[in-house]
Amino acid sequence: MQPHLKRAFIILVLVIIGFLFVRSFIVPESFGQYGWYRGDSVAELRDIPVGYAGSASCSGINNECHKTTYSIWVDSRHKTVNCETCHGPSEKHVIDTRVMPEPANDTREFCGLCHFKRAARPADFPQIDPETHGENLKCAYCHNPHKPWFL
Amino acid sequence: MDLSRREFTKFGCRIIIGAAAGATIVESIATLGVAQEESSNKEYDWNEHLWGYVVDTRKCIGCGRCANACKLENEVPFDEPVYRTWIERYRIVREGTEESVKIDSPDGGIKGFAEDIPAEEIKKAFYVPKICNHCDNPPCVQVCPVGATYKTEDGVILVDYNYCIGCRYCIQGCPYGARYFNNEKRTADKCTWCYHRITKGLLPACVQACPVGARKFGDLKDPESEINKILDKERINVLKADLGTKPKVYYVGLDREVR
């Protein structure tokens with residue numbers, strides 16, 4: 001073989017080896033495991049901790065902690081309103097009861113997010129006029145948030 | 001050995017192609033082994049599911065608890081106007097003989113909607129919850145230059161926060177405006193249908209927060225699932241169907257004004 005070809009071959013082979021070497025560092029190990037992405041990222045996203053525990057964690061299936069509140073809530077008009085919708089995400093409190101959830105928002109404006117009269121709401125949803133209803137008292141003064149018809 | 005230039009080029013090309021092919025084969029054999037190993041020790045099998053989402057716009061009361069729960073669950077910055085899910089208010093307003101459509105979404109609906117148009121001028125009004133459509137044919141995945149966003153086997157579009165370079169092509173590419181730039185992570189970000197919840201058998205935070213059942217989530221592969229029953233019974237629409245993105249968020253009672 002002519003020497004200039006030999007040199008060219010050697011350079012070519014070195015370039016290929018160099019490319020594969022550098023590539024093996026740059027491309028993450030799990031890239032291409034399931035498709036054109038880093039396979040490990042699926043597990044990473046799956047392992048994010050949960051914030052909302054769900055109403056069933058307050059009582060019922062796993063424990064009896066909030067038995068009284070829960071039992072009046074389950075057959076009230078508010079049974080479709082999750083505990084944590086008013087009380088905030090409470091998974092940390094479920095795991096360790098010494099960590100208290102934020103106190104529930106008991107302002108008129110909070111109940112009003114759902115119940116103040118709005119033109120865009122379905123007409124059959126119970127709505128009140130914030131100006132006249134309840135004499136500007138807190139709603140919980142007359143309604144029990146866990147069972148609104150418990151006057 | 002006497003080589004012409006042509007023969008040299010040919011030979012060189014063969015070596016390059018051969019080496020590349022060899023490397024790919026070796027690599028895919030190596031990763032095949034890994035893939036089987038990993039999925040065998042996880043109880044959740046993504047091949048058994050295909051997730052779908054139903055929004056019933058006739059039920060939505062615009063309380064914004066979904067958007068609020070989403071931000072809390074997924075640590076979406078509260079002080080920035082970015083949302084993984086939000087609520088739009090559509091109002092068709094009479095102005096004399098003219099009619100106009102007013103669309104707004106103050107704070108994504110999280111703080112509720114104040115009444116700023118007199119009731120007698122409003123002909124029709126309704127809320128439309130919006131969320132990533134988790135398209136079966138996702139434009140955002142196509143435009144990602146580094147493979148940092150992808151569709152999982154169970155049909156969810158995810159972002160790899162450790163691999164995203166923050167170029168924002170995907171944010172531009174989404175026809176639904178469902179993606180945003182996360183200034184804390186310095187990456188693109190979007191709804192994951194709460195992938196960390198659904199793979200543990202829980203509902204997405206927005207679905208759990210909805211007090212009127214306007215948002216439903218379930219498995220399209222399970223014929224008994226609630227959303228399959230709705231899809232069988234109701235008249236269904238999707239947003240921007242003409243784009244061919246094949247959304248997996250199905251709308252019931254969608255008005256023609258909704259875009």
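Letters A, B, ... are given to chains in the order of the sequence lines, protein chains preceding strands, and every chain is numbered from 1.
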Tell me the closest heavy-atom pair linking B:P211 and A:T80, and the distance in Å.
O-OG1, 2.8 Å
Take atom NZ of B:K151 as the centre, draw a 6.0 Å sphere, and report whether it contains more than 12 heavy atoms from other residues, nucleotides or ligands.
yes
Heavy-atom distances under 4.5 Å only: say whether B:Y161 touches chain A with side chain, backbone, both or neither.
side chain
CD1/A:I48 to OH/B:Y195 distance, rounded to the nearest 0.5 angstrom?
11.5 Å
What are the two closest non-hydrogen atoms of B:G147 and A:F31, and how far apart are they?
O-CE1, 4.2 Å
Please state whether the side chain, the backbone, both or neither of A:Y52 comes within less than 4.5 Å of a heavy atom of chain B.
both
Does A:Y70 have more than 12 heavy atoms from other residues, nucleotides or ligands lying within 6.0 Å of its OH?
yes
Can a donor-acceptor pair be found, under 3.5 Å and without considering hydrogens, that links the side chain of B:R65 to the backbone of A:L113?
no
Taking side chain as everything from C-beta outward and backbone as N, CA, C, O, which of these in B:K200 sits under 4.5 Å from a heavy atom of chain A? Side chain, backbone, both or neither.
side chain
Does A:F19, at its CZ atom, have more than 12 non-hydrogen atoms belonging to other residues, nucleotides or ligands within less than 6.0 Å?
no
Does any heavy atom of chain B fall under 4.5 Å from the side chain of A:L20, the backbone, both, or neither of them?
side chain
Of the backbone (N, CA, C, O) and the side chain (C-beta and beyond), which part of A:I16 lies under 4.5 Å from a heavy atom of chain B, both, or neither?
side chain
Answer whether the closest heavy-atom distance between the side chains of A:S41 and B:N162 falls below 4.5 Å.
no
When every non-hydrogen atom of A:P122 is compared with those of B:R58, the smallest separation belongs to CG-O, 3.4 Å
Please flag which part of A:K79 lies under 4.5 Å from any non-hydrogen atom of chain B: side chain, backbone, both or neither.
neither
Which bit of B:I61 comes within less than 4.5 Å of chain A, counting heavy atoms only: side chain, backbone, both or neither?
both
CD/B:E75: more than 12 non-hydrogen atoms of other groups inside 6.0 Å
no
Whatever's closer than 4.5 Å to a heavy atom in chain A on B:L202 counts as side chain
Heavy-atom count check: over 12 atoms from other residues, nucleotides or ligands less than 6.0 Å from B:E95 CD?
yes
Kindly say whether the aromatic ring centers of A:Y34 and B:Y150 come within a distance under 6.0 Å.
no
Looking at A:P28, A:G112, A:G35, which makes the most heavy-atom pairs under 4.5 Å with chain B?
A:P28
Using non-hydrogen atoms only, which part of B:C194 is less than 4.5 Å away from chain A: side chain, backbone, both, or neither?
neither
Heavy atoms from other residues, nucleotides or ligands near CD of B:E226 exceed 12 (cutoff 6.0 Å)
no
Relative to chain A, which segment of B:V159 carries a heavy atom at a distance below 4.5 Å: side chain, backbone, both, or neither?
backbone
Side chain / backbone / both / neither for B:A148 at chain A, heavy atoms under 4.5 Å:
neither
Is the shortest side-chain heavy-atom distance between B:W46 and A:V42 below 4.5 Å?
yes
Side-chain donor or acceptor of A:R118 paired with backbone N/O of B:F113 under 3.5 Å
yes
Examine whether an atom of A:E91 lies under 4.5 Å from a heavy atom of chain B, and if so say whether it belongs to the side chain, the backbone or both; otherwise answer neither.
neither
Measure the spacing between CD of A:E44 and OH of B:Y163 and express it to the nearest 0.5 Å.
12.5 Å
Residue pair A:T85 / B:A209: nearest heavy atoms and the distance that separates them
OG1-O, 3.7 Å
Where on A:E109 is there a heavy atom nearer than 4.5 Å to chain B: the side chain, the backbone, both, or neither?
neither
Counting C-beta onward and ignoring hydrogens, is there a side-chain heavy-atom pair between A:F125 and B:V212 closer than 4.5 Å?
yes
Which heavy-atom pair separates A:R46 from B:T199 by the least distance, and what is that distance?
CG-OG1, 2.9 Å
Can you tell me which portion of A:F110 sits under 4.5 Å from chain B's heavy atoms? Options are side chain, backbone, both or neither.
side chain
Please classify the contact between B:V146 and chain A as side chain, backbone, both or neither, with a heavy-atom cut-off of under 4.5 Å.
backbone
Interface residue of largest heavy-atom contact number with chain A, from B:G62, B:C63, B:C144, B:G64, under 4.5 Å:
B:C63
